[in-house]
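Quantities reported herein were computed from a predicted structural model and do not represent experimental measurements. As a basis for the values below, the full set of heavy atoms in this structure was taken, side chains included, without hydrogen atoms, waters or symmetry mates.
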Amino acid sequence: MAEHLQHIAGFHGARLLRHDDGDEVMFTSITFFTSMDDVRVFAGQDPEQAVVEEAARRALTRWDERVTHHEVAVDLRP
């Protein structure tokens with residue numbers, strides 16, 4: 001994931017999940033922000049429009065154009 005995320009106010013980390021699915025590998029990225037306002041700083045005025053870095057576009061065969069946002073209901077990290 002892009003290092004520039006570290007400089008966005010309200011950014012609290014990211015995870016990149018990997019799943020082998022037969023002939024393909026599926027990646028799921030999860031980013032954590034303090035608020036939807038902070039998400040808009042990163043994503044723009046349409047926060048459901050996926051932000052796919054150019055390097056990822058070159059490496060991936062396809063990606064979702066739209067994303068969903070969720071609130072953390074439980075956090076079990078130590």
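- Residue Val74 is found in a hydrophobic cluster whose other members, listed by chain and number, are Leu76; membership requires side-chain heavy atoms under 4.5 Å apart, directly or through intermediates.
- Sorted pairs that involve residues 50-78 and meet ring pair (Phe, Tyr, Trp, His ring centres under 6.0 Å), not counting sequence neighbours, are lacking altogether.
- For Phe42, the ring-ring contact (aromatic ring centres under 6.0 Å, His included) partners two or more places apart in sequence, or in a different chain, are Phe33.
- Applying the side chain to side chain contact (heavy atoms under 4.5 Å, CB included) rule to Ala50 yields the partners Val52, Val67; only residues at least two apart in sequence or on another chain are considered.
- Residues satisfying the salt bridge (charged side-chain N to carboxylate O under 4.0 Å, His left out) criterion with Arg18, sequence neighbours excluded, are Asp20.
- With sequence neighbours excluded, no residue forms a side chain to side chain contact (heavy atoms under 4.5 Å, CB included) with Glu71.
- Under the rule for a side chain to side chain contact (heavy atoms under 4.5 Å, CB included), the partners of Asp21 that lie at least two apart in sequence or sit in another chain are His19.
- With sequence neighbours excluded, the residues forming a side chain to side chain donor-acceptor pair (under 3.5 Å) with Asp46 are Arg66, listed by chain and number.
- In plain terms, the two heavy atoms of Asp38 and Gly10 that are nearest each other are OD2-CA, 3.3 Å.
- To the nearest 0.5 Å, the span separating OG1 on Thr28 from CG on Asp64 amounts to 8.5 Å.
- The side chain to side chain contact (heavy atoms under 4.5 Å, CB included) search around Thr61 returns Glu24, not counting sequence neighbours.
- With sequence neighbours left out, the side chain to side chain donor-acceptor pair (under 3.5 Å) criterion links Asp75 to Arg77.
- Through direct or indirect side-chain contacts shorter than 4.5 Å among Ile, Leu, Val, Met, Phe, Trp and Tyr, Met26 is connected to no other residue.
- Residues satisfying the side chain to side chain donor-acceptor pair (under 3.5 Å) criterion with Gln45, sequence neighbours excluded, are absent altogether.
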